[in-house]
Amino acid sequence: MGTALVYDEEMTKYKLLWVDPACKIEVPERLTVSYEALVKNGLCQRCVSIPAREATEAEILLVHSEEYLEGVKKTPYMTLEDLKEFTLQYGDVYFHPNIYHCAKLAVGSALQLCDSVMTGKVRNGMALVRPPGHHSMRSAASGFCVFNNVAIAARYAKQKYGVKRVLIVDWDVHHGQGVQYCFEDDPSVLYFSWHRYEHQKFWPNLRESDYDNVGKEDGAGFNINVPWNKVGMKNSDYLSVFFHLLLPVAYEFCPELVLVCAGFDSAIGDPEGEMCASPDIFAHLTHLLMNLAGGKLCAVLEGGYNLTSLPQSVCQTVQTLLGDPPTRLSDLGAPCESALESLQCVRSAHRQYWSCLRQAAGLPDSHVSAKRIRSAGGEGERTEVGEEEKSAEEQAWPEPPQRVSPPVRCALVLPGGEAPPDGCEQISSREELHPLMLTKLREHFQSELDNCSALASLPSLMTLVEKMEKNEIRNGLAVVHSVTMAMMCVLQHVGDAPSSRTLVVCVGGGSVGSHAREDGKTLTVQISSEDTEKPTGKFYVPVHLKKGCGDASGFMQALLGLLLPLGYQYNPDLVLLVQMPNAGVCGGVWQQLVGVLQGFAQGHVLVLMQEGEQARVGPTASTLLGDPAPPLEHPLQAPLPEDVEAVETLRSRLQSDWSLLQNTGESTA
Ligand SMILES: NCCCNCCCCCS
Ligand SMILES: [Zn+2]
């Protein structure tokens, strides 16, 4: 299934007709440069083009009041003076004779996108619209917004398709107060927003944009505000909030549809956000949301005012929706102290509503201490000199690198005679194994080697690895006689390269720690029910789950809160995913793992599984081919206290080496 693109140049045909410094950045060129970039990069042509349409009055009234609509309806017939007059009643927004038409097209575009995703015409998609929507309220325009495009789309999806749970992710740098007001008492719509806040000093300067506004009545817990109290937030800050807050809650919420308020004023260079995240971060944010809701994701443009970073960010988002592998993010550091403080405050404010945020017993409730840091005018972290002096518009950043998809998406090595699933290539090679490799294997696997079939698939596996290294193949799956022998082979082969880094993910028990050398060429994370008491270095991370890999919530907690941060910071050039014999991992979680791991290493994921696990070949291959993983069962049980304890113990041991694991500020207590 494809990716929809909804765009109509009619939405470029309104602009600011008078002097207003607050509104001059919202220009028609925002849409034209974005669309032209999609065309230039050959992305527009790869999308399914869906026409915009005007929203009906009934659709607008899903969110807005009649009196407000009646007022806006009159603007096409107003003189310039009347338009100015009409505008004065609202904040940081302007009207134009054609803006009502464009605002109806913006809503209609979001609804068209919704229809094409919900009817299965496409898997996901993006609507390039203006005016934006997330600031507009039931009876008021605000922040360049006239009608709340995404809020109307959420109500529309619930009404027309009976969607029970909608997740709205608002990665725009401003708080979408309009969306918050619309759903704050509604548990069927989970609204998540991060936003520049600076302790209420930044627009729209609302007390209710702070982290303690968790929703009201039945909606308590379903409104998540992450305030950025400093500018200059980077990729690590954004990813930390995804790993340690948004993704765990999103998986527990288990949405049937994901709507993104895709504002790109949170990218570097934007005069509004003054943040430092690179445009390719949106490739990863999109990727990390794409396995929710069975892949049903609608991204609707909100803000974005730097005409260089905006098109780059739009292209990064659409390219990921199309299934291209995200670029590798290099030198991800620790989240900054201010981000950690905010993250800690939000997590503790929401702890009572989300079992994934429950802390191991005994740790202090960090809500208070973080508050104390702030009210005591916490020393915060040093602001680096240098970057701060440059204005947003003077910031420079490298153009995101090309994201080339290898000619073959997925290749399989299967035991003799089996046919590969549709869409996959099959690799089988007759070559002998390299004698040195044979010697190495004999050292470790004397007994197994007597069985001639033990080596059967290894030459083909080596060929597969070589083709991945040459970027002829993106990812692969090998069904082998012995996964530990195959793992040894692969690591032996890639280990010869001077600066190779392989992320080894072992699902299930069995001794794998032996190869985990501390030279940094591999980082091994093993998730199993085994309790390896031996302390380990920073490159071998055994995660012990009390009920093993069959426990979906424990597994997801390890995946999102440990494996993702580790993997992103390690930044491997290959991911080796090994399903150990009798791992007992449940299918849904396995497919989420296979899906999410493709965000690393430009998608170079090699899956090893043992003969006899053939049943899992089909679902694994479909996820490797880019099909979204099916949703996990809802509701996701609470993780066991022992598992929470185990993960927290690992975090505290490893976070000085792997700082992306941090999810709380330095408590002053
Ligand atoms: N410095 C100009 C102040 C603009 N304040 C309103 C911003 C609305 C953004 C919508 S994404
Ligand atoms: Zn914005």
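From a predicted model like this one, the values you see are computed outputs, not experimental measurements. Only this structure's heavy atoms are used, side chains among them; waters, hydrogens and symmetry mates stay out.
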State, to 0.1 Å, how close [X] and [Y] come at their nearest heavy-atom pair, and which atoms those are.
X: C23; Y: D92; value: SG-C, 3.7 Å
X: S266; Y: A277; value: O-CB, 4.0 Å
X: F147; Y: A103; value: CD1-CB, 3.6 Å

Quick one: does any side-chain atom of [X] pair with a main-chain N or O of [Y] as donor and acceptor, under 3.5 Å?
X: E256; Y: K164; answer: yes
X: T3; Y: L321; answer: yes
X: H134; Y: G143; answer: no
X: R30; Y: G304; answer: yes
X: S139; Y: Y68; answer: no
X: N205; Y: K201; answer: yes
X: R403; Y: P325; answer: yes
X: N235; Y: I281; answer: no
X: R347; Y: H244; answer: yes
X: Y94; Y: E26; answer: yes

If you measure from [atom1] on [X] to [atom2] on [Y], what distance do you get to the nearest 0.5 Å?
X: Q312; Y: S278; atom1: CD; atom2: OG; value: 9.5 Å
X: N663; Y: Q344; atom1: CG; atom2: CD; value: 8.5 Å
X: N306; Y: Q395; atom1: CG; atom2: CD; value: 10.0 Å
X: D115; Y: K160; atom1: CG; atom2: NZ; value: 3.5 Å
X: R130; Y: L105; atom1: CZ; atom2: CG; value: 12.0 Å
X: L245; Y: L357; atom1: CG; atom2: CG; value: 6.5 Å

Would you call [X]-[Y] a salt bridge at under 4.0 Å N-O?
X: D237; Y: K230; value: no
X: R196; Y: D265; value: no
X: K40; Y: E36; value: no
X: E208; Y: K216; value: no
X: K13; Y: D8; value: no

Parallel, tilted or perpendicular, as decided by the 30° and 60° cut-offs, for the rings of [Y] and [X]:
X: H135; Y: H174; value: perpendicular
X: H195; Y: H175; value: tilted
X: Y568; Y: F243; value: tilted
X: F264; Y: W171; value: tilted

Answer yes if the side chains of [X] and [Y] hold a donor-acceptor pair under 3.5 Å, and no otherwise.
X: Y35; Y: E9; result: no
X: E394; Y: S391; result: yes
X: N223; Y: Q180; result: yes
X: Y191; Y: N225; result: no

Is the W354-F222 ring centre distance short of 6.0 angstrom?
yes
By the definition ring pair (Phe, Tyr, Trp, His ring centres under 6.0 Å), identify the one residue from W203, Y14, Y305, F95 that meets it with F144.
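Exactly one option meets the ring pair (Phe, Tyr, Trp, His ring centres under 6.0 Å) with F144, and it is Y305.
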Would you say that C261 contacts V169 through its side chain, given a criterion of any heavy-atom pair below 4.5 Å between the two side chains?
no
V6 and side-chain contact (heavy atoms from CB on, under 4.5 Å): which single residue from V300, L113, V129 fits?
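Only one option passes, and that is L113.
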Give a yes or no on this: more than 12 heavy atoms of other residues, nucleotides or ligands lie within 6.0 Å of atom CD of Q402.
no
Does CD in E29 sit with more than 12 non-hydrogen atoms of other residues, nucleotides or ligands closer than 6.0 Å?
yes
One pair to check against side chain to side chain contact (heavy atoms under 4.5 Å, CB included): L329 and L239. What are the steps and the verdict?
CA-CA 11 Å; L329 294 172; L239 289 172; 3.9 Å; yes
